[in-house]
Amino acid sequence: MNRCEQVFPARDYDLAATLTSGQVFRWQPHDNGWVGVIDRRWVRLESADGSITACVAGPVSDWNWLAHYLQTELDFGAVLSSFPDDEPMRSAVGACRGLRLLRQDPWECLASFILSSTKQIVQIRQILALLCERYGDPVPVPTGHAPAFAFPTAARLAGVSEAELRNCKMGFRAPYLLATARVIASGQLDLARLQHLPVADSRAELINLPGVGRKIADCVLLFAYGFQDAFPVDVWIMKALQQLYFPRRRPGLPRLQRFTETYFGSNAGYAQQYLFHYMRTRRPAPVPRGALKG
DNA sequence: TACCAGGAGAGCG
DNA sequence: CGCTCTCATGGT
């Protein structure tokens, strides 16, 4: 039966934390709910005890695409119980039980994280809003709602000039996004194929793209393809690992990266998202005596 | 004003 | 391999 509204059972699902946790950048709060675009569909989400209600702009017969995006079928308890049983992970889970990983479109995820480097989340959101407004196709929206746009295709961005991209405030990231868009649009790399490769091979293909290093590759592996063992190490995670696990030794990035490959288990990516959220939302660590100027 | 932001790439020892 | 520097841009 075709309908514009659907209810998904969703225990232990903190929708607000999930949509604002830095894995996705285009959801906006609206009347107790959230409005966004998934692929080429306008979507409104609202959570109420134990479920998520979704509204779309036109009738839909098959809702699997949204269940897949939200990962509502996931055995979440199994994920939590696979975490290492240590104090940092207990604190991180205790601070925000219900934080989830979405399953995004690979191209949108890849392009978004190319634009994320040394930018704060609010600024990433601003860049992407400009990019979608200018180069994304408009999508149907229920009457009374603001216009909404699909994420621009690689083919569309491949035909845009670097100067036009820089006008979206992306700075030195513009040539990276443009070059990667051209590789994808030309068919030289098929993003859909990476889903079926071993994670290391998929990662290697992503790192070959201009503007994509280990961190951004791991974001795409985790947030788009769902490789649960991918563990993006950014500045926040690096601080978290150093403070929580190596308070005295302070290893560098390469050693920390190797640590994450074995320590956090089969759902390391989920553990990473909990540590990231925990570091970003808890009160700042006290400044050590002597580090103060005045 | 100075410093920093979910990094990547190039140059160096 | 591991360190350092630069690359735009906006916010505090």
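All chains are named by letter (A, B, ...) in the order of the sequence lines, taking the proteins before the strands, and each is independently numbered beginning at 1.
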Query raised in the report: Salt bridge between Glu164(A) and Arg134(A), side-chain N to carboxylate O under 4.0 Å?
Result: no
Whole-Å distance, Ile114(A) CD1 to dA8(C) C1', equals 16 Å
Exercise. Would you say Gln273(A)'s side chain and Thr18(A)'s backbone share a donor-acceptor pair under 3.5 angstrom?
Worked result: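 Side chain of Gln273(A) to backbone of Thr18(A), a donor-acceptor pair under 3.5 Å: no, none is there.
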Asn32(A) atom CG: more than 12 heavy-atom contacts under 6.0 Å:
no
For nucleotides 4-13 of chain B, 5' to 3', base contacts (B), sugar-phosphate-only contacts (S) and non-contacts (-) with protein non-hydrogen atoms under 4.0 Å give -BBBSS----
Heavy-atom check, side chain of Arg182(A) versus side chain of Gln188(A), under 4.5 Å:
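A side-chain contact under 4.5 Å is absent here.
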key: Residue of the set Gln272(A), Gln257(A), Arg214(A) for which side-chain contact (heavy atoms from CB on, under 4.5 Å) holds with Val233(A)   =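 Only match with Val233(A) under side-chain contact (heavy atoms from CB on, under 4.5 Å): Gln257(A).
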Item checked: Rounded P spacing from dG6(B) to dC5(C) in Å ->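 Comparing P positions in dG6(B) and dC5(C) gives a spacing of 22 Å.
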- What interatomic distance, in whole Å, is found between P of dA10(B) and the corresponding atom of dA8(C)? 15 Å
